[in-house]
Amino acid sequence: MTSRKLLVASLALSLLALGITLAAPAAGQAEGDLIASHLRYLSVAAPAAVGSLLVFPVHSPSVFPDGTRIEPAGKALASGALTIREMPDGMNQQFVMASYDGDGTVFGQYGGGYGGGGQGRGWGGSFFMASLSTAALPVVCFEEGRMGGDSPYFDPSTYTLAHPALRGLSATGDQEAVWREIRRQYDLLGPSPIPIDLGPAYSAIGRSQPVLGAWQFLHRMAPTIAMQANGVIVACGDQILGIDYYGDPKLFAECRQDVLKSYALVNAEVGNHRPCRVTDRAISQFLMDLMVAPRSPQEPVQLGERARIAFGSHVGEAAALDGRLVYLGAHDTRPPLPY
């Protein structure tokens, strides 16, 4: 892999004619499609090799206006500003109740998981919430079997961004596919045995020794990976595992550790010595596919806009607020091939 940057400004696509505008562009942004206005000026830096992963930092001239206050859900959960509990009328497998007491806007991205309540959950879609508000969040179940708990509240310390394949499946809302992927990871990564009446719980995967070892390896080998970037593209073997792009590098800086840990789970599966054959041309084609991928609008939780994106085996979402792209993600729903 060379050290040159890949610039995607040369993709001359008539995107408006395709009818895939996510939201009206804000003042100062390129006219036309909101996602294309970001991707056509995206630059992809030389990758860092971490185990079997290649992590490509992506840079953009995009920043949020001064005074914008968007707090990522993981940070809001850790501070207690965001609380998640079962719905007031009892356990609901499709929704949980969120309360946000911060003084900005909280943003949560699809595939963020947490344990507790009646059953471990993962966000089935991205969301924005205003200060001092409550909302019902769409979810998928990240464990089977347990239908009760000591408290209706979810433990904020369990928050994590899931394995990239599971994140993509979470965006589809396909509950059976989510459970199959968790079972696959559970069987492969070998968490401690579970009671006979329970199915696999995703929180146990994150505590398994292969995953803990992969996280430690990542932080030891590349502690400053993708600093000052707007996000990352990550590849392994012959696959582009996914992209996590943020409309402001400060927001990515707050989400960076969670994002890298999500990809570290793949390294836990394949080990540290699998050669990566993803080329510059493959990255350029991936970004072009992302620009023109079919999109379907999704009901917003409270604020903003969101649209589901799917192309090939990649599924994700774009989330916008006040006419500005906040997050764009797409993740390969196929498990990585064994080494």
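These numbers come from the heavy atoms of this one structure, side chains and all, not from hydrogens, waters or symmetry mates. Residue numbers count from 1 along this sequence.
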Only counting residues at least two apart or in another chain, list the ones meeting side-chain hydrogen bond (donor to acceptor under 3.5 Å, both in side chains) with [X].
X: Ser262; value: Arg167
X: Ser60; value: Tyr245
X: Asn230; value: none

For the hydrophobic clusters of this structure (ILVMFWY residues joined by side-chain heavy atoms under 4.5 Å, transitively), does one cluster hold both [X] and [Y]?
X: Leu161; Y: Val326; answer: yes
X: Leu251; Y: Leu82; answer: yes
X: Tyr246; Y: Val63; answer: no
X: Val96; Y: Leu303; answer: yes
X: Val232; Y: Met227; answer: no

### Query
Considering only heavy atoms from C-beta outward, does the side chain of Leu169 approach that of Val315 to under 4.5 Å?
no
### Task
Would you check if Tyr186 and Pro191 make a side-chain contact, meaning some heavy-atom pair closer than 4.5 Å?
yes
Tell me if a side-chain donor or acceptor on [X] pairs with a main-chain N or O of [Y] at a distance below 3.5 Å.
X: Gln175; Y: Cys141; value: yes
X: Ser62; Y: Asp248; value: no
X: Arg277; Y: Cys236; value: no
X: Thr160; Y: Ala162; value: no
X: His314; Y: Ile240; value: yes
X: Asn267; Y: Ser52; value: yes
X: Thr158; Y: Gly115; value: yes
X: Ser131; Y: Gly102; value: yes
X: Thr279; Y: Ala282; value: yes

Over all atoms of both residues, closest heavy-atom pair of [X] and [Y]:
X: Ala310; Y: Ala293; answer: O-CB, 3.9 Å
X: Ala136; Y: Val301; answer: O-CG1, 3.8 Å
X: Ala76; Y: Val106; answer: CB-CG2, 3.8 Å
X: Ala268; Y: Pro210; answer: CB-O, 3.5 Å
X: Arg274; Y: Gly237; answer: NE-CA, 3.7 Å
X: Gln185; Y: Leu265; answer: OE1-CD2, 4.2 Å

Using the ring pair (Phe, Tyr, Trp, His ring centres under 6.0 Å) criterion, which residues pair with [X]? Sequence neighbours excluded.
X: His163; answer: none
X: Phe64; answer: none
X: Tyr100; answer: none
X: Phe107; answer: Phe128, Tyr327

### Message
Walk me through whether Glu144 and Arg183 qualify under side-chain contact (heavy atoms from CB on, under 4.5 Å).
### Response
CA-CA 10 Å; Glu144 295 182 71; Arg183 168 60 77 179; 5.8 Å; no
So, [X] versus [Y]: side-chain donor-acceptor pair below 3.5 Å or not?
X: Tyr41; Y: His59; result: no
X: Thr105; Y: Glu71; result: no
X: Arg306; Y: Gln298; result: no
X: Glu317; Y: Ser126; result: yes

Can you measure from [atom1] ([X]) to [atom2] ([Y]) and round to the nearest 0.5 angstrom?
X: Leu328; Y: Leu39; atom1: CG; atom2: CG; answer: 6.0 Å
X: Asp258; Y: Gln109; atom1: CG; atom2: CD; answer: 8.0 Å
X: Gln302; Y: Met129; atom1: CD; atom2: CE; answer: 5.5 Å
X: Tyr159; Y: Tyr114; atom1: OH; atom2: OH; answer: 9.5 Å
X: Leu287; Y: Ile243; atom1: CG; atom2: CD1; answer: 5.5 Å
X: Met291; Y: Asp289; atom1: CE; atom2: CG; answer: 11.0 Å

### Query
Other than Met87, which residues form its hydrophobic cluster under the rule that side-chain heavy atoms must be closer than 4.5 Å?
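The other cluster members (ILVMFWY side chains, heavy atoms under 4.5 Å, direct or chained) are Phe95, Met97.
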### Task
Report the C-alpha separation of Trp179 and Phe142 in whole Å, then their side-chain angles, then the decisive distance to 0.1 Å, and conclude whether the ring-ring contact (aromatic ring centres under 6.0 Å, His included) test is met.
CA-CA 7 Å; Trp179 276 334; Phe142 270 15; over 10 Å; no
### Residue pairs passing the side-chain hydrogen bond (donor to acceptor under 3.5 Å, both in side chains) test where at least one lies in residues 201-218, sequence neighbours excluded
none
### Task
Could I get the full list of salt bridge (Lys or Arg N to Asp or Glu O under 4.0 Å) partners for Arg334, not counting sequence neighbours?
Asp332
### Query
Under a 4.0 Å N-O cut-off, is there an ion pair linking Asp33 with Arg295?
yes
### Query
Does CD belonging to Gln94 count more than 12 external heavy atoms closer than 6.0 Å?
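Count not over threshold, so no.
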### Query
Got more than 12 heavy atoms from elsewhere within 6.0 Å of CD, Gln257?
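Above 12, so yes.
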### Message
Once you measure the plane-to-plane angle for Tyr263 and His331, does it fall in the parallel (<30°), tilted (30-60°) or perpendicular (>60°) bin?
### Response
tilted
### Task
Take His219 and Lys261, measure what side-chain contact (heavy atoms from CB on, under 4.5 Å) needs, and give me the verdict at the end.
CA-CA 9 Å; His219 292 301; Lys261 285 181 177 180; 4.1 Å; yes
### Task
Would you sort out whether Ile309 and Ile35 count as a side-chain contact (heavy atoms from CB on, under 4.5 Å), showing the intermediate values?
CA-CA 11 Å; Ile309 299 169; Ile35 293 174; 4.1 Å; yes
### Task
Please lay out, stage by stage, how Ile225 and Arg256 fare under the test side-chain contact (heavy atoms from CB on, under 4.5 Å).
CA-CA 9 Å; Ile225 193 168; Arg256 174 176 159 272; 4.1 Å; yes
### Task
Please collect all salt bridge (charged side-chain N to carboxylate O under 4.0 Å, His left out) contacts where either partner lies in residues 84-95, sequence neighbours excluded, each pair once.
Glu86-Arg121
### Task
If a pair satisfies salt bridge (charged side-chain N to carboxylate O under 4.0 Å, His left out) and one of its residues is in residues 91-103, list it, with sequence neighbours excluded.
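Pairs touching residues 91-103 that pass the test: Arg69-Asp103.
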